[in-house]
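Quantities reported herein were computed from a predicted structural model and do not represent experimental measurements.
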Amino acid sequence: EGNRALDIAKLAAQTGHITLDDGYANTGSTASRITFVDGEKGVLRYRGYRVEELAERCDFTETSYLLIHGELPSAEQLEEFRTNVRQHTLLHEGMKQIFAGFPPDAHPMAILSSVVGALAIYCHDSLDPADEEQQELAIYRMLAKMPTIAAFSYKQSIGQPFIYPENRLTYCQNFLQMMFAVPSERYEMDPAFVDALNLVLILHADHGQNCSTSAVRMVGSSTVNLFSSISAGICALWGALHGGANEACINMLEMILNDGRNLGKYIDKARDSNDPFRLMGFGHRVYKNYDPRAKVIKEVCHRLLENHGQEDPLFELAQELEEVALNDSYFVDRKLYPNVDFYSGIIYRVMGIPKNMYTVLFALGRLPGWIAHWREMHLAPNMRIHRPRQVYMGHSERDFVPLIKR
Ligand code: ACO
């Protein structure tokens with residue numbers, strides 16, 4: 001794809017120099033065959049396929065297979081993959097005690113990372129990444145149990161009983177059922193919500209060496225198991241500069257709405273270098289053009305709201321904010337456009353998903369990407385532990401001062 005790089009693997013040995021690159025903006029941490037992003041043109045492809053086309057024509061499980069195994073599955077391969085994932089949706093009953101110990105106001109992202117980490121306690125026969133069979137089992141378990149853990153974390157936070165997975169349902173149907181069904185009532189699932197969820201998960205499924213994926217690779221490079229590596233990725237995703245931006249963006253839109261829709265005030269704050277305020281859901285390290293995922297998500301917002309005969313004042317406001325920002329020299333000069341997190345919260349609002357679950361949904365979507373990168377790293381012939389250098393700027397050697405003299 002015309003990517004060019006300087007190979008500096010022998011730089012320190014040959015010159016005594018290392019490179020310094022804050023935030024790794026210019027540093028390729030690995031060679032990868034999974035996802036191509038052209039930030040200037042706004043292009044995103046998984047294994048060579050345009051994400052827009054996958055979102056229209058695939059389901060999330062099929063996309064997961066593609067990311068992890070590198071090719072679109074045949075009908076038999078897909079059925080076998082679905083069956084293997086379905087077999088592992090239940091959690092060990094003992095894990096319910098872990099949920100019970102969390103306070104009701106615990107953030108679901110904190111619960112998700114903890115319980116996914118705890119899978120390493122319950123699944124100790126699939127911890128060795130060097131053993132192919134264990135690796136495969138860990139991947140099925142991770143894909144199957146993540147929706148269950150995500151939905152249980154929500155049920156725990158609202159004090160409702162856990163709804164067990166039903167394996168006759170699709171991946172997305174199962175998740176919605178575990179989120180919204182209650183034992184005392186029949187749950188009518190809206191097919192439009194199932195489709196929207198499927199599409200949003202596909203759009204989030206991978207994005208190269210982003211912060212959380214790099215965390216998964218970094219942690220996994222010590223040869224720790226998949227569950228611990230994914231738990232680290234979930235923690236990295238939670239931050240507001242990364243996946244946490246979807247929740248932060250809706251909080252920001254609510255704040256602007258409640259402040260009399262004073263867009264000018266917030267655009268000025270975002271432009272002010274002395275003000276920490278940023279437009280959440282805007283800007284990207286790689287995209288210097290409209291994020292292709294945001295384009296599709298915005299269309300889905302229109303479609304969902306129209307189909308349900310609803311209007312959403314936050315969606316109206318978000319579109320106005322986008323228009324003002326895209327015509328403002330500050331944002332134009334810095335090539336700041338809406339990213340994947342700007343409109344996704346609007347879809348979740350229509351579906352009735354609470355704000356603190358937005359980043360959990362991002363994690364659910366990103367899971368196959370994390371797995372694909374973890375697996376790619378372990379299959380690479382040149383895998384090494386990730387261990388960056390530093391430029392030391394502290395004191396040179398000095399004499400110890402006893403406590404009494406300090
Ligand atoms: N609002 C206002 N100004 C911004 C924004 C924003 N959202 N994003 C970047 N800028 C400005 C910076 O202040 C900086 O200005 P300067 O050159 O005058 O100092 C310039 O644009 C470049 O920004 P950096 O912070 O250097 O860009 P970086 O690549 O390090 O950060 C990031 C990218 C974190 C996404 C940033 O754009 C941001 O904070 N956006 C808001 C949070 C967000 O939406 N995160 C989700 C990203 S998508 C994802 O992770 C799934």
Side-chain angles (χ1 to χ4, degrees), residues 59-61 82-83 85-112 114-116 143-202 204 246-247 250 254 297 300-301 303-315 344-365 367:
D59 80 7
F60 179 61
T61 310
R82 285 193 208 286
T83 305
V85 172
R86 272 195 208 111
Q87 274 173 3
H88 295 284
T89 51
L90 282 174
L91 303 183
H92 187 289
E93 281 294 293
M95 292 187 86
K96 289 204 294 198
Q97 302 308 317
I98 304 180
F99 284 96
F102 294 123
D105 56 353
H107 196 287
M109 278 301 274
I111 299 184
L112 188 68
S114 310
V115 180
V116 167
L143 284 169
K145 294 181 196 306
M146 183 90 152
T148 313
I149 297 172
F152 280 20
S153 68
Y154 171 59
K155 289 296 195 190
Q156 174 67 22
S157 73
I158 57 168
Q160 282 186 3
F162 299 141
I163 300 294
Y164 280 59
E166 260 187 61
N167 293 345
R168 66 182 172 87
L169 300 174
T170 67
Y171 200 82
C172 290
Q173 287 172 338
N174 210 354
F175 176 67
L176 289 178
Q177 157 110 345
M178 288 188 287
M179 279 285 290
F180 294 118
V182 285
S184 47
E185 277 171 36
R186 195 182 151 79
Y187 172 59
E188 298 287 347
M189 202 174 307
D190 186 331
F193 291 172
V194 179
D195 289 349
L197 179 63
N198 181 60
L199 186 140
V200 172
L201 294 185
I202 292 175
H204 284 85
N246 54 15
E247 184 181 344
I250 292 291
E254 283 174 350
I297 288 176
V300 177
C301 292
R303 221 169 40 226
L304 262 190
L305 285 165
E306 243 174 61
N307 285 353
H308 288 77
Q310 286 178 21
E311 282 176 10
D312 184 344
L314 287 194
F315 186 39
S344 58
I346 304 291
I347 297 185
Y348 303 146
R349 269 164 67 84
V350 184
M351 293 169 70
I353 290 171
K355 259 191 302 187
N356 63 4
M357 285 295 288
Y358 292 1
T359 314
V360 171
L361 278 157
F362 193 145
L364 205 55
L367 179 64

Smallest separation among heavy atoms of [X] and [Y], with atom names:
{"X": "K145", "Y": "L90", "value": "NZ-O, 2.6 Å"}
{"X": "L143", "Y": "Y171", "value": "O-OH, 2.6 Å"}
{"X": "K155", "Y": "Q160", "value": "NZ-OE1, 2.6 Å"}
{"X": "G345", "Y": "Y358", "value": "O-OH, 3.5 Å"}
{"X": "I163", "Y": "A181", "value": "CG1-O, 3.2 Å"}
{"X": "H107", "Y": "N356", "value": "CE1-O, 3.2 Å"}

Problem set entry | Identified side chain to side chain contact (heavy atoms under 4.5 Å, CB included) counterpart of V360 within the set P147, P354, P108 |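 Of the listed options, the one satisfying the test is P108.
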Does [X] have any side chain to side chain donor-acceptor pair (under 3.5 Å) partners at least two apart in sequence or in another chain, and if so, which?
{"X": "T83", "result": "none"}
{"X": "D59", "result": "R82"}
{"X": "Y164", "result": "E93, K96"}

With distance as the sole test, does E185 use its side chain to make a donor-acceptor pair with the main-chain N or O of V182 at under 3.5 Å?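 It does not hold such a pair.
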- Message: Determine whether a donor-acceptor pair (N or O, by modelled atom type, separation under 3.5 Å) exists between the side chain of N167 and the backbone of R86.
- Response: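 It does hold such a pair.
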With a 4.5 Å limit on heavy-atom distance, are the side chains of [X] and [Y] in contact?
{"X": "L361", "Y": "F175", "answer": "yes"}
{"X": "T89", "Y": "E166", "answer": "no"}
{"X": "M178", "Y": "F162", "answer": "no"}

- prompt: Is the F152 ring parallel, tilted or perpendicular to the F99 ring (thresholds 30°, 60°)?
  reply: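 F152 vs F99 ring planes: perpendicular.
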inquiry  = Tell me whether the rings of Y187 and F180 are parallel (<30°), tilted (30 to 60°) or perpendicular (>60°).
reply    =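 Plane angle between 30° and 60°, so tilted.
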- Item | Derivation and outcome, side-chain contact (heavy atoms from CB on, under 4.5 Å), residues S153 and V115 | CA-CA 9 Å; S153 68; V115 180; over 6 Å; no
